[in-house]
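Shown next, in structure tokens, is the structure this report addresses.
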Amino acid sequence: MIDMKGKNLVSVHDLSREEVDQIFKTAEYLKMKKKTGEKCEILKDKTLAMIFEKPSLRTRVTFETGMTQLGGHAIYLAPTDIQMGKREPVYDVARNLSRWVDGIMIRTFSNDIVVELAEESKVPVINALSDLLHPCQSLTDLFTVYEKKRVLEGLKLAYVGDGNNVCHSLMFTCAKLDVKMSIACPDGYEPSKEIEKLAKEDGLELMITENPEKAVKEADVIYTDVWTSMGQESEKEKRLDIFRNYQVNMDLVRKAKSDVIVMHCLPAHYDEEITKEVIESKYSVVYDEAENRLHVQKAVMALTM
Ligand code: CP
Ligand code: NVA
């Protein structure tokens, strides 16, 4: 057992392969205990502060429910409550919260805020989405792939769409777990070069193309996310036009392996990046993926807090 107490989860890149394995094993255990109705109050009397500067359904409900199931308590802090860096500096938020709570979860815009919060905090900080990264999502995604395929090494995950925060964290997580990636995105919407460099240094086998059909060839997993992320709303019309040929529909799904699974972090914009038909098809695992946010984040909290 590796001691992860006090460890932050800012990026999957900061975790060792063994730590990712340990998170998955713990998630599997906690999921099994939940299904058999046994209590696991590992975080009894502990408190998680949840800072939200963007909207959320899955993240908020799974972290809060997760804390309750682990015997602890979560406090929701809305965008108007803290106003990170505006009402008071990030380091003062970190220093104050560290005196009261046992862990901090944050969803914000700039990833630098998450990094600063983690540096200044005496309690673990969990990144619950920034403009750059979404580590809780990608850990859950690969955990879900493992549940479905019972193997990870050597699989191919095809990401179709915007080279965004979800794509970046998938790159880091696939690198750790020896899953190959192909990314299909329009010119100018590729993932960050810096992330690509770091993920490749970590062993990621990666192909980037502008052609979705080429990307999904021989894929075990097709993944997509919204074309317009939170904070980019003013670009919506332009993006609808640019990404038009990057829709995950049944024609595209049929070009992958016959046992391909289709994933989406949700929320989905139906008939933009994915069709309703694909979400409702036998290939889709999106609701198992959403459920697993609960189990994987419980594992992260139980190990670090
Ligand atoms: N996938 C995800 O993070 O969903 P929410 O934005 O609803 O939390
Ligand atoms: N890329 C999306 C993910 C939402 C969970 C966003 O940042 O809005």
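Atoms within each ligand, like the ligands themselves, are counted from 1 in listed order. Just so you know, these numbers use all the heavy atoms, side chains as well, and skip hydrogens, waters and symmetry mates.
Heavy-atom proximity to atom 5 (C) of ligand 2, evaluated over N164, L57, V166, L266, is greatest for L266.
Each of the following atoms of ligand 2 lies closer than 4.0 Å to a heavy atom of L129: 3 (C), 4 (C), 5 (C), 7 (O).
Among all protein heavy atoms, the one lying closest to atom 3 (C) of ligand 2 is D225 OD2, 3.6 Å. Nearest protein heavy-atom contact of atom 8 (O) of ligand 2 is M230 N, 2.8 Å. Protein heavy atom at the shortest distance from atom 7 (O) of ligand 2 is N165 ND2, 2.8 Å. The nearest protein atom to atom 7 (O) of ligand 1, hydrogens excluded, is given as L57 N, 2.7 Å; this is a heavy-atom distance. Residue, atom and distance of the protein heavy atom nearest to atom 4 (O) of ligand 1 are R58 NE, 2.8 Å.
Within the structure, ligand 2 lacks D131 among the residues with a heavy atom less than 4.0 angstrom away. Proximity of H134 to ligand 1 is established by a heavy-atom distance of less than 4.0 Å.
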Could you walk me through whether K54 and E233 pass salt bridge (Lys or Arg N to Asp or Glu O under 4.0 Å), step by step?
CA-CA 13 Å; K54 290 179 179 177; E233 289 76 8; over 6 Å; no
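At a heavy-atom distance under 4.0 Å, no atom of L129 approaches ligand 1. By the criterion of a heavy-atom distance under 4.0 Å, the side chain of R107, and not its backbone, is placed next to ligand 1. By the criterion of a heavy-atom distance under 4.0 Å, the side chain of R293, and not its backbone, is placed next to ligand 1.
An N or O contact shorter than 3.5 Å is missing between R60 and ligand 1 by distance. For a threshold of 3.5 Å applied to N or O pairs, the pair formed by C265 and ligand 1 contains at least one separation below that value. Of the polar atoms of S229, at least one N or O is found under 3.5 Å from an N or O of ligand 2, judged by distance alone. Considering backbone and side-chain N/O atoms, M230 never comes within less than 3.5 Å of an N/O atom of ligand 1.
Looking only at atom types and distance, the side chain of N8 has no donor-acceptor partner in the side chain of D14 under 3.5 Å away. Donor-acceptor pairing under 3.5 Å is recorded for the side chains of E38 and T36. Defined by atom type and a distance below 3.5 Å, a donor-acceptor pair is present between the side-chain atoms of Q297 and T62. With hydrogens and angles left out, the side-chain atoms of N127 and N111 include a donor and acceptor closer than 3.5 Å. Using modelled atom types and a 3.5 Å distance limit, the side chains of N292 and E147 yield a donor-acceptor pair.
Inter-residue side-chain proximity for F24 and L152 is flagged as met; some heavy-atom pair is nearer than 4.5 Å.
Checked options K148, K156, K257; the residue passing with D220 is K257 (criterion: salt bridge (charged side-chain N to carboxylate O under 4.0 Å, His left out)).
With hydrogens and angles ignored, the 3.5 Å screen pairs no side-chain donor or acceptor of D241 with any backbone N or O of K238.
The shortest heavy-atom contact between D162 and V226 is CB-O, 4.1 Å.
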